[in-house]
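Chain naming here is simple, since letters A, B, ... match the order of the sequence lines and numbering starts at 1 in each.
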2 protein chains.
Amino acid sequence: MGKNLTKRQKEILRHILTFYEENNYPPSVRDIARLHNCSVKGAYDHILALEKKGFIERAARRSRSIVLTESAKHVLRPASERRIPLIGRIAAGGPILADEHFEEFCDFPLDKWEKDNYRFFALKIEGDSMRDAGILDGDIGIFRYQQSAEPGKIIVALVDSEGTAEKEATVKYYFREGRRNILRAANPAYPDTIVQNLQIQGILRGLVRPQV
Amino acid sequence: MGKNLTKRQKEILRHILTFYEENNYPPSVRDIARLHNCSVKGAYDHILALEKKGFIERAARRSRSIVLTESAKHVLRPASERRIPLIGRIAAGGPILADEHFEEFCDFPLDKWEKDNYRFFALKIEGDSMRDAGILDGDIGIFRYQQSAEPGKIIVALVDSEGTAEKEATVKYYFREGRRNILRAANPAYPDTIVQNLQIQGILRGLVRPQV
DNA sequence: TGCCAAATGAAACGAACGTATACTATAATT
DNA sequence: AATTATAGTATACGTTCGTTTCATTTGGCA
């Protein structure tokens with residue numbers, strides 16, 4: 001997965017999407033050649049390359065059978081615009097919005113809630129430490145990506161996870177006391193956590209509960 | 001517009017939709033003929049008829065250029081099956097799923113959660129009576145429409161609202177005690193409500209919280 | 001019964017389409 | 001310097017596809 005796209009290949013991808021959005025059916029090889037202003041073979045080669053890299057799928061010898069994969073859609077419209085990546089485990093040090101962390105995408109009517117340019121991600125919440133804030137085990141939190149937060153907000157922070165080199169995302173209230181950062185659960189059973197170097201990843205902006 | 005469909009034509013329409021959902025690109029005339037188990041000409045004539053009646057659109061001489069119109073989608077799957085109506089106030093006696101109650105539609109990734117034939121609706125929840133179940137004021141509950149429920153489930157029930165002839169929808173835990181129906185809040189500050197003739201409208205299947 | 005109209009099918013034509021061959025050129029990598 | 005990946009043109013082959021022609025069947029209905 002996650003191979004790199006060349007500039008031309010990305011152009012082709014976008015042409016395919018554009019054609020599809022305008023016509024509601026996929027383009028033929030010649031349609032793509034026309035849009036890209038190149039020869040049929042040129043377009044065809046790009047299609048083969050895009051297929052090999054996993055950005056499109058198609059049926060051999062069938063006309064107009066190109067479909068964009070999730071990766072392609074993700075490349076063409078960044079997470080913030082429409083689809084929210086659901087984050088899995090976070091490797092040490094890496095940025096939270098790297099492709100390798102995306103387990104799947106969480107379709108979400110985001111555009112009705114927010115119209116700005118922030119990027120969002122989703123995180124499955126485990127445990128009942130935020131129970132009293134109405135956030136239960138299994139809920140999917142929708143977070144706006146930002147690296148700082150006002151005290152009192154519910155945030156995602158990265159903390160070291162035992163036994164592995166990976167980090168773990170934890171969801172807590174964020175407070176400050178002097179120079180110390182405090183992570184506080186919304187459940188009196190959990191004690192505060194005090195951390196010096198806090199890696200804030202985002203603040204809670206929404207919630208989805210798959211089942212009740 | 002809105003002409004009538006013959007039985008065969010509706011079958012063809014459904015075949016087109018089925019093919020499209022399975023492949024993500026439209027069928028060719030021969031694909032349709034295969035699905036309908038008829039000749040190419042038979043399928044083609046049906047396509048022409050469907051086009052004349054406004055259920056499909058297509059580009060002449062272009063392969064796989066059939067697209068279903070809104071009318072077709074409406075015929076094939078009524079609104080209630082996919083988009084979730086957001087219910088406003090409920091007039092006295094009327095069924096909860098009447099058009100007049102829909103204030104708007106709540107687009108929701110329903111298909112990933114449920115694959116059955118139930119009908120769903122959404123309801124904005126007011127108050128904090130279900131706070132301890134993680135359902136806060138302003139949350140939008142997603143309910144499966146059904147008129148009975150097992151005890152212990154969170155349901156929507158219709159109760160008389162003071163001063164008006166209208167009914168109000170209330171969300172509570174449902175319990176039984178002998179022949180009496182008990183509506184119980186998930187907040188100790190609220191007392192149980194005991195009702196004799198309970199109008200259950202649906203049970204909670206999901207939740208969306210627009211803002212935190 | 002006989003006739004019309006709608007529905008259906010086999011076959012075929014030509015356009016649209018995927019695919020292949022051959023050749024050129026550029027840039028990055030080995 | 002050789003290799004590989006990318007990008008491109010022009011041309012052509014064979015398949016898929018929309019469309020048409022002609023003939024056949026089917027189902028009312030006068």
Side-chain angles (χ1 to χ4, degrees), chain A residues 1-20 22-69 71-72 75-76, chain B residues 3-20 22-69 72 75:
Chain A
M1 293 303 118
K3 299 262 184 64
N4 289 348
L5 276 173
T6 69
K7 197 172 148 195
R8 299 303 168 112
Q9 287 167 353
K10 193 168 178 181
E11 278 175 37
I12 299 283
L13 262 197
R14 192 163 293 283
H15 284 139
I16 294 174
L17 179 62
T18 303
F19 187 99
Y20 191 87
E22 283 179 4
N23 298 281
N24 276 303
Y25 52 83
S28 68
V29 177
R30 282 166 180 80
D31 289 328
I32 295 173
R34 209 171 304 125
L35 286 171
H36 193 58
N37 203 21
C38 72
S39 69
V40 176
K41 176 64 161 40
Y44 187 57
D45 283 349
H46 279 129
I47 290 171
L48 294 181
L50 286 170
E51 187 184 20
K52 195 154 78 179
K53 289 185 177 179
F55 290 99
I56 61 171
E57 288 172 1
R58 56 191 206 101
R61 272 161 233 286
R62 275 203 174 175
S63 66
R64 303 181 188 277
S65 64
I66 294 177
V67 300
L68 296 181
T69 63
S71 319
V75 167
L76 291 178
Chain B
K3 302 265 184 62
N4 289 348
L5 278 173
T6 69
K7 196 173 152 195
R8 299 298 168 104
Q9 287 166 353
K10 192 167 178 181
E11 278 175 38
I12 299 282
L13 262 195
R14 192 163 292 283
H15 284 138
I16 294 174
L17 179 64
T18 302
F19 187 99
Y20 191 87
E22 282 179 3
N23 298 282
N24 276 304
Y25 51 83
S28 68
V29 176
R30 282 168 180 79
D31 289 328
I32 295 173
R34 209 171 303 125
L35 286 170
H36 195 243
N37 203 21
C38 71
S39 71
V40 176
K41 174 69 160 35
Y44 186 58
D45 285 348
H46 279 128
I47 289 171
L48 294 181
L50 286 170
E51 188 184 20
K52 197 154 78 178
K53 290 185 179 180
F55 290 100
I56 62 173
E57 289 172 1
R58 56 190 206 104
R61 272 161 233 284
R62 277 202 174 176
S63 66
R64 302 182 188 275
S65 64
I66 294 176
V67 300
L68 297 180
T69 62
V75 167

Taking atom CD of B/E51 as the centre, report whether more than 12 heavy atoms of other residues, nucleotides or ligands fall under 6.0 Å from it.
yes

Rounded to the nearest angstrom, tell me the gap between atom CG in B/L48 and atom P in D/dG18.
12 Å

From C/dT19, D/dG18, C/dG9, nucleotide with atom closest to B/S63 side chain:
D/dG18

Rounded to whole Å, the CZ-C1' distance (A/F55 to D/dT6) equals 15 Å

Give A/G42 one of three labels, base, sugar-phosphate or nothing, depending on what nucleic acid heavy atoms sit under 4.0 Å from its own.
base

Is the distance from OP1 or OP2 of D/dT15 to the nearest side-chain N or O of A/R62 less than 4.0 Å?
no

Would you say the side chain of A/I56 lies within less than 4.5 Å of the side chain of A/I47, judging by non-hydrogen atoms?
yes

Distance, rounded to the nearest Å, where A/Y25 contributes OH and D/dG18 contributes P:
11 Å

With the side chain counted from C-beta on, respond yes when A/F19 and A/I32 share a heavy-atom pair under 4.5 Å apart, and no when they do not.
no

Can you tell me how far C1' of D/dT19 sits from CZ of B/R61, to the nearest Å?
7 Å

Hey, which of these two, A/R30 or B/V40, hits DNA chain C nearer its 5' end, going by closest nucleotide?
B/V40

If I take atom CD in residue A/E11 and atom P in nucleotide D/dT6, what distance separates them, rounded to the nearest angstrom?
15 Å

Nucleotide C/dG18, atom P - distance to CZ of A/R34 in whole Å:
11 Å

Tell me whether the OP1 or OP2 atom of C/dC17 has a side-chain N or O from A/R64 closer than 4.0 Å.
yes

Per atom distances to the A/Q9 side chain, the nearest of D/dG18, D/dA12, D/dA7 is D/dA7

Walk me through whether A/Y25 and A/R64 qualify under side-chain contact (heavy atoms from CB on, under 4.5 Å).
CA-CA 7 Å; A/Y25 52 83; A/R64 303 181 188 277; 3.7 Å; yes

Listed nucleotide nearest any side-chain atom of A/S39, set D/dT9, C/dG9, D/dC17
D/dT9

Select base, sugar-phosphate, or nothing to describe what A/A60 touches, counting heavy atoms under 4.0 Å on all strands.
sugar-phosphate

For B/Y44 and D/dG18, is the shortest distance between a side-chain N/O and OP1 or OP2 below 4.0 Å?
no

Can a side chain N or O of A/T6 be found less than 4.0 Å away from OP1 or OP2 on D/dA5?
no

With a cut-off of less than 4.0 Å, is there a side-chain N or O of A/H36 near OP1 or OP2 of D/dA7?
no

Per B/K41 side chain, nearest of listed nucleotides D/dC17, C/dT19, D/dC22:
D/dC22

B/R8 CZ - C/dT8 C1' separation (whole Å):
10 Å

Of all the nucleotides listed (C/dG9, D/dG8, D/dG18), which has the minimum atom distance to the side chain of A/D45?
D/dG8

Qualifying residue for side chain to side chain contact (heavy atoms under 4.5 Å, CB included) with A/I66, from A/V29, A/D31, A/I16:
A/I16

Could you tell me whether the phosphate oxygens of D/dA7, OP1 or OP2, come under 4.0 Å of any side-chain nitrogen or oxygen in A/H46?
yes

It should be established whether A/R58 places a side-chain nitrogen or oxygen under 4.0 Å from OP1 or OP2 of nucleotide C/dT19.
yes

Beyond-backbone contact of A/L50 with A/L5, side-chain heavy atoms, under 4.5 angstrom:
yes

What integer distance in Å separates A/I32:CD1 from C/dA16:P?
17 Å

